[in-house]
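Have a look at the structure below before the remarks.
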Amino acid sequence: MGVMEALVVLAVVAGVAIVAASLMWNEKARIRRELRGAPRVDLAELREGRTGRVVGRVGEGETLQAPFTGRSCVFYEATVEEYRSSGKTGSWRQVVREAMGVPFVLDDGTGRAIVDPRGARVAVDLDMTTRSGTFDDATPVEEQFLTRHGLRSTGWVFNKSLRYREGVIEVGETIAVMGQGVREPDPDAVGKVGGYRSGPPTRLRLGGSARHRSEEHTSELQSRQYL
């Protein structure tokens with residue numbers, strides 16, 4: 001099921017959105033626990049077939065633009081929640097979740113890795129929150145995001161009570177990555193000493209996309225604040 005299909009289900013089926021949001025929260029907590037429990041390893045010494053937790057900085061390269069803030073990043077997660085009341089009580093229910101990333105370089109000072117977040121399990125802090133409601137119209141950017149997912153900020157009479165949240169992984173940010181990968185020659189390591197076993201300079205390639213579905217090529221990421 002593609003992203004748009006999943007979003008349609010969340011928007012139409014009553015109660016499913018709350019379950020999805022809860023599952024996502026539990027999944028992020030699980031990723032953080034797994035990362036904290038994994039042994040930390042230098043990239044230069046991480047061998048093929050060995051799982052380890054690497055902490056490094058995101059390098060310069062291709063970037064995306066986060067949908068709400070316009071921040072330049074290598075990965076973003078954006079969600080929209082709607083407040084729905086039932087009698088005297090109410091709750092926030094997730095109606096949209098969009099996550100997107102591009103491959104990036106991770107450097108821990110001992111070596112480099114190419115990390116592909118597409119399809120990987122990622123835990124990122126949703127550090128930006130804005131709202132729209134009865135006396136507060138959605139911004140053009142928020143409305144455009146909703147429209148892209150087949151939704152709108154207005155109801156039959158009044159604006160819907162919506163909450164927009166966003167989190168990113170930015171260039172220069174320190175993150176943790178756990179997984180196994182394959183080694184390849186590092187074309188950007190001219191003049192540097194090789195890492196593992198003092199061979200030619202190499203870098204790891206870690207991925208979680210459809211092109212890397214085997215167990216040894218999965219990866220997990222989280223931002224530095226959760227280490």
Side-chain angles (χ1 to χ4, degrees), residues 1-32 58 61-84 91-104 115-133 136-155 159-171 173 175 177 207-212 218-223 225-226:
M1 178 179 291
V3 174
M4 288 301 296
E5 292 175 310
L7 293 171
V8 170
V9 171
L10 292 179
V12 173
V13 181
V16 172
I18 255 187
V19 174
S22 175
L23 290 174
M24 182 57 62
W25 176 266
N26 291 336
E27 173 66 8
K28 288 186 177 183
R30 188 178 300 111
I31 292 172
R32 293 162 190 158
V58 178
E62 181 185 0
T63 59
L64 299 168
Q65 188 176 56
F68 295 135
T69 63
R71 288 180 288 183
S72 178
C73 59
V74 296
F75 177 89
Y76 72 75
E77 178 182 342
T79 66
V80 178
E81 299 165 318
E82 181 178 357
Y83 187 81
R84 297 175 182 173
S91 60
W92 290 99
R93 301 186 180 187
Q94 182 174 290
V95 293
V96 174
R97 177 181 180 272
E98 180 178 287
M100 189 171 297
V102 292
F104 61 88
V115 181
D116 189 346
R118 296 171 297 185
R121 301 166 63 206
V122 183
V124 62
D125 182 23
L126 300 179
D127 59 356
M128 186 288 305
T129 301
T130 60
R131 299 188 184 191
S132 65
D136 184 11
D137 292 342
T139 67
V141 169
E142 292 165 348
E143 198 68 64
Q144 183 181 33
F145 183 84
L146 291 169
T147 300
R148 190 163 76 242
H149 292 283
L151 302 173
R152 59 182 184 177
S153 64
T154 57
N159 291 341
K160 299 175 183 177
S161 294
L162 300 176
R163 182 165 65 183
Y164 312 85
R165 308 185 70 193
E166 180 189 276
V168 300
I169 297 177
E170 299 177 280
V171 171
E173 185 174 359
I175 66 170
V177 177
S209 68
R211 293 172 298 126
H212 303 283
T218 60
S219 60
E220 299 170 354
L221 303 87
Q222 73 173 40
S223 53
Q225 55 264 40
Y226 294 118

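One-based numbering along the sequence shown. In what follows, every heavy atom counts, from backbone to side chain, and hydrogens, waters and symmetry copies are set aside.
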Is any side-chain heavy atom of [X] closer than 4.5 Å to a side-chain heavy atom of [Y]?
X    : Y    : value
R93  : E82  : no
V80  : L151 : no
R152 : L146 : no
R84  : V95  : yes
V122 : E77  : no
E170 : V58  : no

Spacing of [atom1] belonging to [X] relative to [atom2] belonging to [Y], to within rounding of 0.5 Å:
X    : Y    : atom1 : atom2 : answer
D127 : R71  : CG    : CZ    : 4.5 Å
E81  : R97  : CD    : CZ    : 12.0 Å
F145 : L162 : CZ    : CG    : 11.5 Å
D125 : I169 : CG    : CD1   : 11.0 Å
H149 : Q144 : NE2   : CD    : 10.5 Å
M128 : T69  : CE    : OG1   : 6.0 Å

| Stepwise, does the side-chain hydrogen bond (donor to acceptor under 3.5 Å, both in side chains) test hold for N159 with D137? | CA-CA 7 Å; N159 291 341; D137 292 342; 2.7 Å; yes
| task | For the residue pair T130 and E142, confirm or rule out a side-chain donor-acceptor distance under 3.5 Å. | result | yes
| request: Using distance alone, with no hydrogens and no angle criterion, decide if E98 and Y76 have a side-chain donor and acceptor under 3.5 Å apart. | output: yes
| said: Walk me through whether V141 and Y164 qualify under side-chain contact (heavy atoms from CB on, under 4.5 Å). | reply: CA-CA 11 Å; V141 169; Y164 312 85; over 6 Å; no
Can you give me the closest heavy-atom contact between [X] and [Y], atom names plus distance?
X    : Y    : result
R118 : G101 : CG-O, 3.3 Å
F68  : T79  : CE1-O, 3.9 Å
A138 : E143 : CB-OE1, 3.7 Å
A123 : R32  : CB-NE, 3.9 Å
R165 : T129 : NE-OG1, 3.6 Å
A66  : C73  : N-SG, 4.1 Å

